[in-house]
Amino acid sequence: MTKKLLLIDGNSLAFRAFYAMYNQLDRMISHKGLHTNALVAFNNFLDQIVDPMQPDLAVVAWDAASGKETFRGDLFPEYKDGRSKTPSEFKEQFPYLREMVALHGLRNYEQAGLEADDIIGTFSRMGEQAGYSVTIITGDQDLTQLATEKVTVNVTKKGVTEIEQYTPSYIMEKFGLKPLQIIEKKALTGDTSDNYPGVTKVGEKTALKLLAEYHDIDNLYAHIDDMKQSKLKENLIKDREAAFCARQLATILTDATLELPLEEIEYRHIDYDKLVLFYEDLDFKQQLAKIKALQKSGQIIGSQTPVEKVINVVTLQEDNLQAVAMLGNKIAVHIEMAGSNYHIDDMIGFVIGSPATGYYGSRDVSLLQRPELRSVIENAAIIKNVFNVKAQLVLFKRLGITLKGAEFDFLLAAYLLDTTDNDNELSTLAQRFDFYVTPDEDIYGKGAKYAVPEETSRVLVHLAHKADVLMQLEKPAFAALQDHEQTHLYTEIELPLAHVLADMEYRGIKIDQTRLRDIGTSLEERINAIKEAIFIEAGEVFNINSPKQLGVLLFEKMGLPVIKKTKTGYSTAVDVLEKLASQAPIVDHILQYRQLAKLKSTYVEGLLSVVHEKDSKIHTRFLQTLTQTGRLSSIDPNLQNIPMRSEAGRQIRTAFVPSQPDWQIFGADYSQIELRVLAHMTGDKNMQQAFLNGEDIHAETARAVFGLDDSTPVDALMRRTAKAVNFGIVYGISDFGLANNLGISRAEAKRFIETYFKEFPQIHEWMTEIKAKAHEQGFVETIAKRRRYLPEISSKNFNLRSFAERTAMNSPIQGSAADIIKIAMIKVAEALQENGMQARMLLQVHDELIFEAPTDEIEELSELITRVMDSAVVLDVPMLVESHSGNTWYDAK
DNA sequence: GCAGTCACG
DNA sequence: ACGTACGTGACTGCT
């Protein structure tokens, strides 16, 4: 293999590093008072860009002097004049930067009379001649003049970890120039930061045009007389001398005499022992944690070994597929996809194997469909470790394969153990157990720059690392689950639920696109009419969607009273506008506009954009490992917030239809599940009795709070108030919140709460106890032992502490309700199967389940689902399930 | 990428 | 005295 020479432009990158984190300057100060922002950014650069390259030779070149003391200063006395002085906060980091470079195994180099550019230029030619492939990294685009077939110049784009690769062909593509013509371009344009002029009025565009015609300035000036008269020609003639001088200044030396021979810049790998001391001195906590994790997982042994534990992956091909039959009955499996939407994103490779038998993989996922592999994947007796079992199930389904025996899902386990900081990334979650895996972002990049490395082995080795870590994580993760008494929650709830959800998502829900488009058309007409009215009332045209513009109109031009402010200006939220509606007709029009605009953009256009063309269905993803309480969430699109409360919005539901003719949509929901959970958990006899009697719970609450006897009717206002108090209780009540919600005084709200607690004394007790418990153990639990940590419960900050206290009261309630419906879903799925029903579960919306079924099956379905749901768990109060069916989701009401 | 707004339970 | 209801996701404007 060709040997690699790495040349780094220390000054320009350090400078970039300093300004990349300039806004953090004041925060990043070590205990010794040293600013560390440039050091942190430079260290990121070394970690992310340099360390993975593992070059054979490497040098970081530094300027020996300002540039004045080089031939450039002799040539042009004003060279680099006018540069502002280097800030002292930056200067003080210089010696540490060099030490950091050395500890990362690279040689620092500077030489009197030379700038870093010239050192790099000369080394690059030496290296090229000695047969090395040369990589230059710099923050200065001028160095691209050094690019050749053997020399690639990487220029930082943003910060210091995003780079743009300049090869001769890329330079041709970007500028239409050969690398050496970069110098000619500079000759014409000059350089303001180095303070030398080129030709007056010639910028990049003109320069590129001239070079396209004349190639270089020698040739340009040779033909200058033929040029037709113009201001440009005059300037060129006038500034001829400046151009030739600029060319000399811009030319990087490639033939300087260096006092350091190539052989002496050997890359020496990272010195971890000393690096730890260095990081400790600078208070680099994250870096220290990373090294600790690497050491613990055996990826660093001693101080001089390379970062990555060596893992061999055998590339699977037609002729060696039988090897997977020998893998044994305990393996890791992983299909990698390009992106996060496993319904549609490309599958870019897979890996299968174990530490004992080695890892096998390929970029070609169709190999999984071969009998040799399929029989392993579909064999439930071969136990698999995976990351995100639901995603893997869907990916395999797309290949027509049923994944069986996936018993350890590290993502699920990690989520149950601690919901906080769950970014759903293996690399981050593994760190909790001190295992290190290269983050996907480091391999593929992110956003627009996402790309699968061309080098197949790089991908497969990355996948094998993931697989290997998944094997190693099983033991500690299961031990931790056991410690939390969460094995039941894991084995009997979350893991089987993942299978149920995978089926639901993969099946999808059918959309009547014509219907949705019609709704869109009529919304558009109504929106346009309202818009016109608004502009007339406003006396001007403005962007109604801009809260800023709207605020100026309402509160400055029209002089309406300011009711609430946001961080950035006037609030124009619904509650504010509703208070203002009586004062100007425009306000009501704005409210209508907002409602309709929301429906059109989010629900008509938004939903249409995610319909899969081949089946006219929407396939959402239920996130099973995101919420802090144990609920699911739904994305791409969110099918848990389809409008319902307003009739105009509710119409959207008419577009959700059964996937087959003569089928219907069926929905079943838990009535008052959270209040029932509350009654159960608190053991409050009065509230339990109300449910046992089958009473209207809000009316009963009203009776209690307002002191009415059984014969007195409860009026609507009392019921509404009581309902709000019930909500408040579930959310972790405060008089302020309740007052705000009901539009009553704080004193009144306080009285309501006091009476409520007197009437339901065990609820009050429980609230006090749960807060104390949260304080003692640092977390609260649901009925299924789902945990939520509340570190801020002991904060001295009133706000943080109060928030944690409300959460301590709310999470066990919301979370237990989530447990219940999850259990119900698993039982429902089993019941449908056992009874040979054709009905299919499609959606979950926190306390309701949506199905589709043949019309003639609905009656049986209704009976079955109701029975399964209301007996899913046994509480001290009955569970009430209500159900509805119809031709569309709208009609299932 | 954040803030504001609004859709749901 | 302090100052907010709990849990989500998508879209728009703006820096």
For [X], answer base if it contacts any base atom (sugar-phosphate contacts may also be present), sugar-phosphate if it contacts only those atoms, and nothing otherwise; contact means non-hydrogen atoms under 4.0 Å.
X	value
Q549(A)	sugar-phosphate
N543(A)	sugar-phosphate
D847(A)	sugar-phosphate
E674(A)	nothing
S571(A)	sugar-phosphate
N740(A)	nothing
T602(A)	sugar-phosphate
S811(A)	nothing

Please tell me if S633(A) has a side-chain N or O lying less than 4.0 Å from either OP1 or OP2 of dG9(C).
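Answer is yes, contact under 4.0 Å.
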Looking at dA5(C), I'd like to know if its phosphate oxygens (OP1 or OP2) sit under 4.0 Å from a side-chain N or O belonging to R806(A).
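Checking R806(A) against dA5(C): no side-chain N or O falls below 4.0 Å of OP1 or OP2.
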Would you say the side-chain atoms of R515(A) and Q651(A) include a donor-acceptor pair closer than 3.5 Å?
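R515(A) vs Q651(A): donor-acceptor pair found between side chains.
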Over 60° means perpendicular and under 30° means parallel, so classify the ring planes of [Y] and [X], tilted if in between.
X	Y	answer
F706(A)	F752(A)	perpendicular
F656(A)	W889(A)	perpendicular
H619(A)	H612(A)	tilted
F666(A)	F851(A)	tilted

Measure [atom1]/[X] against [atom2]/[N] and give the value in whole Å, please.
X	N	atom1	atom2	value
N799(A)	dA1(C)	CG	C1'	12 Å
E792(A)	dT4(C)	CD	C1'	15 Å
L599(A)	dT12(C)	CG	P	13 Å
D819(A)	dG9(B)	CG	C1'	16 Å
R631(A)	dC8(B)	CZ	C1'	9 Å

Among [options], find the nucleotide with the atom closest to the side chain of [X].
X	options	answer
K548(A)	dG7(C), dA10(C), dC14(C)	dC14(C)
F798(A)	dT5(B), dC2(C), dC6(B)	dC2(C)
L626(A)	dG9(C), dC6(B), dG7(C)	dG9(C)
V574(A)	dG4(B), dG9(B), dC6(B)	dC6(B)

Check if the side chain of S734(A) and the base of dT4(C) share a donor-acceptor pair of N or O atoms closer than 3.5 Å.
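Answer yes: a donor N or O sits under 3.5 Å from an acceptor.
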Does a distance-only test, which skips hydrogens and angles, find a donor-acceptor pair under 3.5 Å between the side chain of Q814(A) and the base of dC6(C)?
yes
5′-ward residue of the pair T629(A)/D636(A) relative to DNA chain C
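Whichever sits nearer the 5' end wins; that is T629(A).
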Please confirm whether the backbone N or O of Q762(A) pairs with a side-chain atom of D684(A), one donor and one acceptor, at under 3.5 Å?
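It does hold such a pair.
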Under a 4.0 Å heavy-atom cut-off, which of residues 641-651 of chain A touch DNA chain B?
N641(A), I642(A), P643(A), M644(A), R645(A)
Using Watson-Crick and G-U wobble pairs whose two distances are both under 3.5 Å, how do you write the pairing of DNA chain C as dot-bracket, with | for links to another strand?
.....|||||||||.
Between the base of dT4(C) and the ring of F803(A) - centre-to-centre under 5.5 Å, planes within under 30° - is that a stack?
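Aromatic stack with dT4(C) absent for F803(A).
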Sorted by number, the residues of residues 724-732 of chain A with heavy-atom contact under 4.0 Å to DNA chain C
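Result for residues 724-732 of chain A: A724(A), G728(A), Y731(A), sorted by number.
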